[in-house]
Amino acid sequence: MQWRALVLGLVLLRLGLHGVLWLVFGLGPSMGFYQRFPLSFGFQRLRGPDGLLSPASGSVGPSWLQPPAVGVAAGRPGTPRRPARGVCDPAHWGYLLGGRGCGPDEYEKRYSGAFPPQLRAQMRDLARGMFVFGYDNYMAHAFPQDELNPIHCRGRGPDRGDPSNLNINDVLGNYSLTLVDALDTLAIMGNSSEFQKAVKLVINTVSFDKDSTVQVFEATIRVLGSLLSAHRIITDSKQPFGDMAIKDYDNELLHMAHDLAVRLLPAFENTKTGIPYPRVNLKTGVPPDSNNETCTAGAGSLLVEFGILSRLLGDSTFEWVARRAVKALWNLRSNDTGLLGNVVNIQTGDWVGKQSGLGAGLDSFYEYLLKSYILFGEKEDLEMFNAAYQSIQNYLRRGREACNEGEGDPPLYVNVNMFSGQLMNTWIDSLQAFFPGLQVLIGDVEDAICLHAFYYAIWKRYGALPERYNWQLQAPDVLFYPLRPELVESTYLLYQATKNPFYLHVGMDILQSLEKYTKVKCGYATLHHVIDKSKEDRMESFFLSETCKYLYLLFDEENPVHKSGSKYMFTTEGHIVSVDKHLRESPWKEFFSEDRGKDQEGKFVHRPKPHELKVLNSSSNCNRVPDERRYSLPLKSIYMRQIDQMVGLI
């Protein structure tokens, strides 16, 4: 018996030594998250015969490289992937991205407690101060130009010397972009005096009669959307944000929005598919040398702003052209996968870019299918979104079913070929960080929690989101960060859905990173390199209209946006829109057929006659519309009651 006791003692001693090694040096398997990489957790840098990164024969690589299950990949009907309940925290993702692993670590210790009210108020004031610092410096050093160069404290406008500089000229139209884009942020923060002053400045100084060639998409979401949002705030009889009314206001912002939209309409003319040209000159229309190729998001994300304008004016033209573009793109999707590509020829309808993903080129197309339904209640929009979401789940979502349960890698959405569903590359871009927020709006909160954790783990590593991150090489592919809001937006929406203080801690991390790495003499600057933190002299307008706004709302629990009974939605540029009944009344449905509204030259000439429409005057239309029809999305989570209060889906 003694020898048996000795053997047992030696075995226990060996197990104990192994346990010590596991705990001290991290030489053991992970604690329930990713158990196949024994030591380094580095993805295999292997190249297959097709040129794509893939695991070699016999090697071990992440399951994201593998196609979906056979039944799904083959296009056969089936239940979409749905993760089980659970929490996928950044400790898990940190392990996969080269961190220490999961279990009791810094995340658990730091985020397990509540977020004190005093700290919350401090973070709210810090977010407000961030906006004020950027806004005041823009007004002092850049207005009336479009953007602020925060390092040299100067303004920036279109690059007249280099028309091919699309990074600048697509966005900057010589119309005081940053001021216009920031209007509703001023209102949400309760600054009525500055809001009124800014509105008057816009009315008195901004003109769209400019020799500027701009991107239709950027002008729509940044300028048109902001004008409509501010107009609705001014004319709201309840004035929830304080006294934002303008004395003797005569719908000037609505008239300006109409003027801009009319100048954008030539983009929809002389196109064989109905998909608009990507750019127009605000004075002369489509340039003679215009490109016939456009991205899906740019052409298919105009319906919210154009639809609001049409319903406020009682003029179907704008909604008609935007909706026709959406339908044209939708009809070009793959018959096999149901996916769309990211670049299309507007004359032939051929896909030039066959990549299907959730990032640049496609992101807001999906977003506006859902948000158009929320605003306008058109069932067709919801049907398209549901079909698109099904295809996304079937072909783009890789990894295991549940976030922190089961075998394999946690879920991730990858970029695939629209026709085959095969992996095209191994990077994601920072724009994809919007998707967890969209998932919140449809009630897919568990999947949103997990995907958000992936992007936050990247933020934790660099103090910012690189424009592209290669998930196989565990390194950025494109290193700059232009103060984008997508991760903040998803953080805000997830907090509204779950009320979990974890997301307040995430917001505090983001705020502190922005203060530490991007603040300069006259504002906040783009990070040129997320690793060495070198900067570029540019503060894009969306920093004030979105990034600061979502950070402020995250910490401002008492904001009118969050009050019971409030019904608000945010556009893709973060402009707030009240969800109310007259936007769901479409008096021109019969004019949305495919063969109406266009003459033989392809120009849009139909204007419904006065007796055909109930004109929706912004100040008196509520009494002319029947009781609101109540629509409901397929809500899949217990958290959706709180989301209902926010976006008005009740």
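Between the side chains of N394 and Y389, no donor-acceptor pair is found at a separation under 3.5 Å. Side-chain atoms of D336 and S334 include no donor-acceptor pair closer than 3.5 Å. No donor-acceptor contact under 3.5 angstrom links the side chains of N345 and N292, judged on distance only. For the residue pair S364/S301, the side-chain donor-acceptor check at 3.5 Å is satisfied. Inspection of the N417 and Q422 side chains reveals no N or O donor paired with an N or O acceptor under 3.5 Å. Between Y503 and Q496, the side chains place no donor N or O within less than 3.5 Å of an acceptor N or O (distance only, hydrogens not considered). Using modelled atom types and a 3.5 Å distance limit, the side chains of S545 and E573 yield a donor-acceptor pair. With 3.5 Å as the limit, one finds a donor-acceptor pair spanning the side chains of R222 and S541.
A distance-only check finds a donor-acceptor pair linking the side chain of Q432 to the backbone of D429 [under 3.5 Å]. Between the side chain of T337 and the backbone N or O of S420 there is no donor-acceptor pair closer than 3.5 Å. Side chain of T296 to backbone of G341: a donor-acceptor contact under 3.5 angstrom is found. Counting only distance, with no hydrogens or angles, the side chain of Q347 and the backbone of N270 share a donor-acceptor pair below 3.5 Å. Counting only distance, with no hydrogens or angles, the side chain of Q239 and the backbone of D236 share a donor-acceptor pair below 3.5 Å. For S490 (side chain) and A433 (main-chain N/O), a donor-acceptor pair under 3.5 Å exists by modelled atom type. A donor-acceptor pair is defined here as one N or O able to donate and one able to accept, closer than 3.5 Å; such a pair exists between the side chain of N559 and the backbone of I188. One N or O on the side chain of S226 and one on the backbone of V180 form a donor-acceptor pair closer than 3.5 Å.
With contacts defined as side-chain heavy-atom distances shorter than 4.5 Å, the pair Y373/E380 does not qualify. Looking at heavy atoms from C-beta onward, T498 lies in side-chain contact with V445 at the 4.5 angstrom threshold. Using a 4.5 Å heavy-atom cutoff, the side chains of L438 and D444 are not in contact. In this structure, the side chains of T294 and R279 stay at 4.5 Å or more apart for every pair of heavy atoms. Between L332 and L340, every side-chain heavy-atom pair lies at or beyond the 4.5 Å cut-off. In this structure, the side chains of L313 and L254 come closer than 4.5 Å at one or more pairs of heavy atoms. Between L375 and M569, the closest side-chain pair of non-hydrogen atoms falls below 4.5 Å.
Ring geometry for F306 against F268 counts as tilted: the plane angle lies between 30° and 60°, on a 0 to 90° scale. Between F502 and Y456, the ring planes are perpendicular. Angles over 60° get that label, and only those under 30° would be called parallel. H562 and Y492 have tilted rings, their planes meeting at an angle from 30° to 60° on a 0 to 90° scale.
D184 and K549 are joined by a salt bridge, as a carboxylate oxygen and a charged side-chain nitrogen come within less than 4.0 angstrom of each other. At a threshold of 4.0 Å, the pair E378-R584 does not count as salt-bridged, since none of the basic side-chain nitrogens sits closer than that to a carboxylate oxygen. Between E558 and K563 there is a salt bridge, since a side-chain N of the basic residue sits under 4.0 Å from a carboxylate O of the acidic one. Under 4.0 Å is where a charged nitrogen must lie from a carboxylate oxygen, and between K567 and D580 no such pair does. One finds no salt bridge joining D381 and K371 here, because no Lys/Arg side-chain nitrogen approaches an Asp/Glu carboxylate oxygen to under 4.0 Å.
Summarising the local packing, CG of N335 is surrounded by 12 or fewer heavy atoms from other residues, nucleotides or ligands at distances under 6.0 Å.
Considering all non-hydrogen atoms of both residues, E269 and Y277 come closest at O-CE1, 3.4 Å. Closest approach of P411 and R400 over heavy atoms only: CG-O, 3.5 Å. When all heavy atoms are compared, the tightest approach of T271 to I275 is OG1-O, 2.8 Å. The two atoms that bring A299 and A325 nearest to each other are O-CB, 3.7 Å, heavy atoms only. Here the closest non-hydrogen pair linking E367 and E489 is OE2-OE2, 4.4 Å. Looking at every heavy atom in both residues, Y366 comes nearest to G357 through CE1-O, 3.6 Å.
For H258 and F318, the ring centers sit closer than 6.0 Å to each other. Aromatic ring centroids of F195 and F241 lie 6.0 Å or more apart.
Of the listed residues (V577, I221, L228, L224), just one forms a side-chain contact (heavy atoms from CB on, under 4.5 Å) with T571, and that residue is V577.
Between atom CG of residue L412 and atom CZ of residue F454 there is a gap of 5.0 Å, rounded to the nearest 0.5 Å. For the atom pair OG1 of T220 and CG of L303, the computed distance is 11.5 Å after rounding to the nearest 0.5 Å.
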